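Heads up: the structure comes next, in structure tokens.
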Amino acid sequence: MTLDIPRIEQLLQDGVRDRVYPGAVWAVGNAEATTASGAVGLLDPAAPDEPMRLDTVFDIASLTKIVAVWSVIGTLVEEGKLQLHTPLGTFWPEVTNHPLAQVTTHELLTHTAGLPLRANLKNLYGTDPQDIRDGVLREALHRAPSEAVEYTDRAALILGYLSEYLDGQPLDLLAASRVWEPLGMTETRFGPLPADVVARCAPTEFDEETGTHLKGTAHDFSARLLGGACGIAGTFSTLADLSRFLRHMLAPTQAAFGPTWIADSLRIRTGELIPARGFFWHPAPGTGLREDVWVHYGFTGTGMWISPKQERWAVLLTNKLYFTRDREPLTGVRNTFRADAFS
């Protein structure tokens with residue numbers, strides 16, 4: 001298909017005009033390269049002379065679940081260190097004799113583990129990271145595993161803890177050594193960001209405590225509570241780095257997770273349950289399985305799409321959270337962008 005770049009640019013400019021977000025960057029590409037990209041709007045409405053740029057650093061929120069957790073878990077599976085259908089309690093002492101013992105990695109990756117739906121970490125477990133870890137890994141289930149598909153941040157948090165147990169390193173070092181560095185993702189890291197990077201970071205929500213919009217510090221409260229790095233959120237990245245990640249998914253090398261993990265993840269793994277899920281990825285709204293377009297979003301206003309069948313990927317990064325938590329305005333923009341980016 002021929003990409004209608006002016007149509008995409010107008011769509012995103014309209015979003016700026018309608019105050020859906022201050023600014024946005026986007027790209028579409030294939031296994032070899034980025035074929036089109038652009039930037040619209042402002043980095044920060046408080047600085048009207050500073051435009052959004054292609055190299056803007058974004059708080060990518062739940063895209064952390066893909067670029068850190070899903071990818072690291074994939075490397076562990078491919079190395080034989082983790083079996084998807086083995087109950088966690090049979091090999092992970094921290095959860096043995098607790099409700100989570102019966103859950104499998106497959107159920108965590110498909111959001112069918114029956115976990116509590118809200119993180120609610122501070123209220124339940126306090127502020128000590130070890131107490132939070134202990135509490136999350138010992139918490140009662142919300143329902144029986146494999147009974148329903150229910151998205152919960154806890155799935156990625158637990159998988160992050162699991163990867164740390166299996167490899168013996170913190171998640172931030174795991175993601176960097178197993179995925180980001182091998183793929184050349186030099187600007188992807190967990191926050192808080194160093195001062196020199198904060199300057200080109202897109203601000204997110206207004207923070208009552210500081211009286212300013214968060215910039216270079218994770219918006220997600222759970223990530224901040226856990227020092228900036230956890231499976232739920234906390235990663236910062238750029239359009240170029242996410243493009244590298246998605247190009248690898250279409251043409252995987254030996255550098256990181258491989259083709260088997262990608263193929264296994266980008267297919268329906270939830271049987272007849274609704275909504276359908278792969279491993280963390282899910283079919284893009286408004287598409288059929290024949291189109292083979294998969295997506296994951298981030299609460300701050302970010303999203304990544306990929307289609308092995310169409311040999312195409314797309315990224316849309318915004319800081320919509322600067323204006324509102326309301327999902328609906330950006331949902332329309334995202335769905336139209338996806339329709340324009342894929343046949």
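In what follows, residues are counted from 1 in the order of the sequence shown. Just so you know, these numbers come straight off a predicted model, no measurement behind them.
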Q: Before accepting this row, confirm whether a basic side-chain N of the pair Lys65/Asp153 lies closer than 4.0 Å to the acidic partner's carboxylate O.
A: yes

**Q.** Side-chain (Asp128) to main-chain (Gln130) donor-acceptor, under 3.5 angstrom
**A.** yes

Q: Verify the distance criterion only: is there a donor paired with an acceptor across the side chains of Asp241 and Thr188 at less than 3.5 Å?
A: yes

Q: Report, as yes or no, whether the 6.0 Å neighbourhood of atom NZ on Lys122 holds more than 12 heavy atoms from other residues, nucleotides or ligands.
A: no

Q) Between atom CG of Leu43 and atom CG of Asp49, what is the distance when rounded to the nearest 0.5 Å? A) 12.0 Å

**Q.** Heavy-atom pair of closest approach, residues Ser163 and Leu174
**A.** O-CD1, 3.5 Å

Q. Taking side chain as C-beta onward, heavy atoms only, is His296 less than 4.5 Å from Ser62?
A. yes

Q: Not counting sequence neighbours, which residues clear ring-ring contact (aromatic ring centres under 6.0 Å, His included) with His219? List them please.
A: Phe299

Q) Would you say Ile73 and Leu246 are hydrophobically clustered, going by side-chain heavy atoms of ILVMFWY under 4.5 Å? A) yes

Q.
Tell me if a side-chain donor or acceptor on Thr217 pairs with a main-chain N or O of Leu214 at a distance below 3.5 Å.
A. no

Q: Work out which heavy atom in Ala68 is nearest to a heavy atom in Trp180; give both atom names and the distance.
A: CB-CZ2, 4.0 Å

Q.
Quick one, Ser237 and Leu63 - any side-chain contact, counting heavy atoms below 4.5 Å?
A. no

(Q) So for atom CD, which belongs to Glu311, do other residues, nucleotides or ligands contribute more than 12 heavy atoms lying within a distance under 6.0 Å? (A) no

Q. Is the distance between the ring centroids of Trp261 and Phe279 under 6.0 Å?
A. yes

Q. Just by distance, do the side chain of Asp134 and the backbone of Leu137 share a donor-acceptor pair under 3.5 Å?
A. no

Q.
Between Asp44 and Tyr322, does the side chain to side chain donor-acceptor pair (under 3.5 Å) criterion hold? Intermediate values first, please.
A. CA-CA 9 Å; Asp44 184 343; Tyr322 188 98; 3.2 Å; yes

Q. In terms of ring plane angle, is the pair Trp70 and Phe257 parallel, tilted or perpendicular, where the classes change at 30° and 60°?
A. perpendicular

Q) Hey, is the main chain of Pro285 close enough, under 3.5 Å, to the side chain of Arg338 for a donor-acceptor pair? A) yes

Q | For Trp305, the option from Trp26, Trp313, Phe337, Phe342 that meets ring-ring contact (aromatic ring centres under 6.0 Å, His included) | A | Phe337

Q) Within a strict 4.5 Å, meaning less than it, do heavy atoms of the Thr56 and Leu317 side chains meet? A) no

Q) Hey, is CG on Asp196 packed in by over 12 heavy atoms from elsewhere, all under 6.0 Å? A) yes

Q.
Donor-acceptor check, side chain of Arg269 to backbone of Asp264, threshold 3.5 angstrom: yes or no?
A. yes

Q: For residues Ile232 and Ser222, report the shortest heavy-atom separation together with the two atoms involved.
A: CD1-CB, 3.8 Å

Q: Provide the closest heavy-atom pair for Val40 versus Gln13 in the form atom of the first, atom of the second, distance.
A: CG1-NE2, 3.7 Å

Q. Does the pair Phe221 and Leu121 meet the rule for a side-chain contact (heavy atoms from CB on, under 4.5 Å), with working shown?
A. CA-CA 9 Å; Phe221 180 75; Leu121 303 181; over 6 Å; no

Q) Should Leu242 and Leu316 be regarded as members of a common hydrophobic cluster, given that ILVMFWY residues are connected when their side-chain heavy atoms come within less than 4.5 Å of each other, either directly or indirectly? A) no

(Q) Do His282 and Tyr297 make a side-chain contact, defined as non-hydrogen atoms from C-beta onward lying under 4.5 Å apart? (A) yes

Q. Looking at CG of Leu108 and CG of Leu159, how far apart are the two atoms once the value is rounded to the nearest 0.5 Å?
A. 4.5 Å

(Q) Quick check on the hydrophobic clustering: are Leu321 and Met304 connected, directly or via other members, by side-chain heavy-atom contacts under 4.5 Å? (A) no

Q.
If I take atom CG from residue Leu76 and atom CD from residue Gln83, how far apart are they, to the nearest 0.5 angstrom?
A. 10.5 Å

Q: Check whether any side-chain N or O of Ser307 sits under 3.5 Å from a backbone N or O of Asp292 as a donor-acceptor pair, and report yes or no.
A: yes

Q) Quick one: does Pro283's side chain get under 4.5 Å of Leu289's, heavy atoms only? A) yes

Q | Minimum side-chain heavy-atom gap Leu124-Glu139 below 4.5 Å | A | yes

Q: Calculate, to the nearest 0.5 Å, the distance between atoms CG and OG1 belonging to Leu12 and Thr318 respectively.
A: 9.5 Å

Q: Start with the C-alpha gap between Val103 and Ile158, add the side-chain angles, then the distance that decides, and say whether side-chain contact (heavy atoms from CB on, under 4.5 Å) holds.
A: CA-CA 11 Å; Val103 170; Ile158 291 167; over 6 Å; no

Q) Given Arg154 and Val136, is the side-chain contact (heavy atoms from CB on, under 4.5 Å) satisfied, shown in steps? A) CA-CA 8 Å; Arg154 284 176 177 251; Val136 168; 4.1 Å; yes

Q) Just by distance, with hydrogens left out, do Gln169 and Asp167 show a side-chain donor and acceptor under 3.5 Å apart? A) yes

Q | Backbone N/O of Arg325 and side chain of Lys320: donor-acceptor pair under 3.5 Å | A | yes

**Q.** Greater than 12 external heavy atoms within 6.0 Å of Arg53's CZ
**A.** no

Q) Under the 3.5 angstrom rule, does the side chain of Arg334 hit a backbone N or O of Thr302 as a donor-acceptor pair? A) yes

Q.
Could you report the tightest heavy-atom contact between Asn30 and Arg247, atom names first, then the distance?
A. O-CG, 3.3 Å

**Q.** Inter-residue atom distance Met249.CE - Ile66.CD1, 0.5 Å rounding
**A.** 7.0 Å

Q) Just how far is it from atom CG of Leu109 to atom OG of Ser265, taken to the nearest 0.5 Å? A) 7.0 Å

Q. Hey, are the side chains of Thr300 and Phe58 touching, using non-hydrogen atoms and a 4.5 Å cut-off?
A. no

Q. Same cluster for Leu115 and Val95 if Ile/Leu/Val/Met/Phe/Trp/Tyr side chains link at under 4.5 Å?
A. yes

Q. Of all heavy-atom pairs between Leu3 and Ala36, which one has the smallest distance, and what is that distance?
A. CD2-CB, 3.6 Å

Q.
Check this for me: Arg143, atom CZ, are more than 12 non-hydrogen atoms of other residues, nucleotides or ligands nearer than 6.0 Å?
A. yes

Q.
According to a hydrophobic-cluster definition based on side-chain heavy atoms being under 4.5 Å apart (Ile, Leu, Val, Met, Phe, Trp, Tyr only), do Leu273 and Tyr151 belong together?
A. no

**Q.** Sidechain-backbone polar pair: Thr104 side chain, Glu107 backbone, donor-acceptor under 3.5 Å
**A.** yes

Q. Taking the side chain from Thr110 and the backbone from Thr270, do they hold a donor-acceptor pair closer than 3.5 Å?
A. no

